[in-house]
**Q** 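Structure incoming, see below.
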Number of protein chains: 2
Amino acid sequence: MTGQVRTVDGRVAGRRGQETRQKLLDCLREMLSTSPYRDVKVIDVARMAGTSPATFYQYFPDVEGAVLEIAEEMAEDSGGLKELVDGKSWAGKTGFTTSEELVDGFLAFWRKNDAILRVVTLGAAEGDKRFFKIRMKVLNSVAGPLTEAVKANQAKTDKSVDPAAVSGSLVSLLASAAEHSKAFTSWGVKVKDLKPNLALQVYLGVTGKKPPK
Amino acid sequence: MTGQVRTVDGRVAGRRGQETRQKLLDCLREMLSTSPYRDVKVIDVARMAGTSPATFYQYFPDVEGAVLEIAEEMAEDSGGLKELVDGKSWAGKTGFTTSEELVDGFLAFWRKNDAILRVVTLGAAEGDKRFFKIRMKVLNSVAGPLTEAVKANQAKTDKSVDPAAVSGSLVSLLASAAEHSKAFTSWGVKVKDLKPNLALQVYLGVTGKKPPK
DNA sequence: AACTTGTCCTGTCATGCCGTCAGCTTACCG
DNA sequence: CGGTAAGCTGACGGCATGACAGGACAAGTT
């Protein structure tokens with residue numbers, strides 16, 4: 001699917017080359033999760049990978065370019081989030097379990113890709129189309145199926161609210177909560193209580209009803 | 001209230017000095033809204049302010065330090081958001097108007113401080129306590145009074161949900177929507193429709209009821 | 001084993017930003 | 001008018017960036 005891996009100057013990378021390239025990406029990932037984005041320097045990444053800055057520039061145009069690479073990889077990975085909603089039931093107690101599992105899975109994914117998602121979020125907010133697209137791909141893997149679920153459950157009641165808006169709000173909320181869970185802690189909401197609360201919101205949003213006890 | 005403005009090396013700044021300082025801050029603000037945060041350089045800010053880099057370092061330890069200054073100024077300003085909730089009624093049609101005005105005011109504030117809030121959000125997500133504190137101050141100016149509102153309106157019905165969690169979720173949602181309104185557009189939610197939808201969510205969250213038509 | 005070929009890495013260099021300092025200019029005051 | 005403190009900048013060592021050419025290396029060929 002992806003074409004051959006190429007260096008900046010157009011050569012095709014061989015086995016050894018791909019290894020160093022990957023090592024650089026791994027080190028950059030590590031770097032991103034330990035230093036502020038603004039302070040991540042090419043020379044540090046190169047040093048950590050046991051190579052020279054020049055090598056880095058052979059494979060990536062700059063730090064941002066390499067970050068995009070990592071982000072795209074992660075976006076591919078986010079496809080798995082679809083299964084948290086697709087074909088799930090929203091009726092009664094089962095429905096609330098669906099909601100709980102969705103919240104759980106989403107938060108886990110975000111936590112796992114914490115550092116890179118921070119940068120993607122920043123880039124998207126700054127208006128960079130490439131980062132925006134990647135962010136949408138991640139969010140859509142949940143928002144897409146979720147919109148369908150809202151539509152299906154809403155037909156029975158009223159049509160006053162836009163399913164896309166509801167689903168979008170819920171996903172935004174989840175993303176925000178994942179990125180800033182500390183904020184909730186400072187509001188006196190314990191990490192333990194955060195998940196049930198979010199699950200409740202999601203259930204309410206999708207079904208329009210209060211959950212069964 | 002704030003002590004005398006001082007230079008990095010401890011001198012007190014006079015009238016002229018404060019002017020340059022302010023000009024530097026203004027230029028930095030401008031810079032932040034036109035360039036990616038990662039690419040904002042001291043030398044560019046200085047050039048734009050018609051001064052030299054050395055002058056910048058006389059008043060701020062580094063770019064981050066100056067950004068914090070701007071952010072704190074904005075946080076002070078956010079106190080006005082309290083009035084969007086404090087002493088407002090949540091009953092009936094008036095309640096929905098309250099909700100609409102809150103959404104409107106919050107989005108306006110965020111849009112106005114767009115660029116600086118992006119950086120604050122990033123800093124908070126990266127675990128920087130100074131940025132986190134500032135972000136909480138802004139969010140709390142709404143979340144605080146809102147929690148009270150939720151408490152007051154919930155006493156009449158059930159106590160199953162934590163008011164702080166509800167209010168926190170709503171504020172998080174608003175912040176997320178403000179920062180990434182483009183995402184909603186790409187979900188097919190027009191900017192015009194976004195506000196009413198958010199207002200609906202807020203009203204629902206606070207009162208637990210559907211709004212009167 | 002010597003040779004060939006194409007991939008891979010790095011030494012080096014020019015450029016530009018960072019952050020600091022000494023020292024010059026300006027403003028204020030007695 | 002001289003003293004004092006504020007205000008600004010030129011200049012400098014240090015480091016990151018980004019480009020290039022040439023050497024190291026692996027793998028196959030003779």
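Just so it is clear: chains get the letters A, B, ... in the order the sequence lines come, proteins before strands, and each one is counted from 1. Side chains included, hydrogens not; waters and symmetry mates left out as well; all remaining heavy atoms used. As the structure is a prediction and not an experimental result, all values here were calculated from the model.
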**Q** Any heavy-atom pair between the side chains of A:L25 and A:Y59 that's under 4.5 Å?
**A**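 No. Closest side-chain heavy atoms not under 4.5 Å.
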**Q** Within this structure, what is the CD1-CD distance for the pair A:I134 and A:E72, rounded to the nearest 0.5 Å?
**A**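 Answer for the CD1-CD pair, A:I134 versus A:E72, is 4.5 Å.
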**Q** B:D39 CG to C:dG16 P: how many Å, rounded?
**A**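 Going from CG in B:D39 over to P in C:dG16 covers 16 Å.
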**Q** Is there a side-chain contact between A:V103 and A:L194, using heavy atoms and a 4.5 Å cut-off?
**A**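 No, every pair of side-chain atoms sits at 4.5 Å or beyond.
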**Q** Under 4.0 Å between a Lys/Arg side-chain N and an Asp/Glu carboxylate O for B:E64 and A:R38?
**A**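 Here B:E64 does not pair with A:R38 in a salt bridge, since their nearest N and O are not under 4.0 Å apart.
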**Q** Classify every nucleotide of nucleotides 3-21 of chain D by which part a protein heavy atom approaches to under 4.0 Å, writing B for the base, S for the sugar-phosphate alone and - for neither, in 5'-to-3' order.
**A** ---BBBBB-----SSBB--
**Q** Nearest whole angstrom, please: distance from the C1' of C:dC9 to the NZ of A:K23.
**A**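 The answer, rounded to whole Å, is 13 Å.
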**Q** Establish, yes or no, whether the cationic atom of A:R118 lies under 6.0 Å from the six-membered ring centre of A:Y37 and within 45° of the ring axis.
**A**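 Judged by the rule (NZ or CZ under 6.0 Å from the ring centre, within 45° of its axis), A:R118 is not positioned above A:Y37.
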**Q** Between atom CD in A:E19 and atom C1' in C:dT7, what is the gap in whole Å?
**A**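 The distance from CD of A:E19 to C1' of C:dT7 comes to 13 Å, rounded to the nearest Å.
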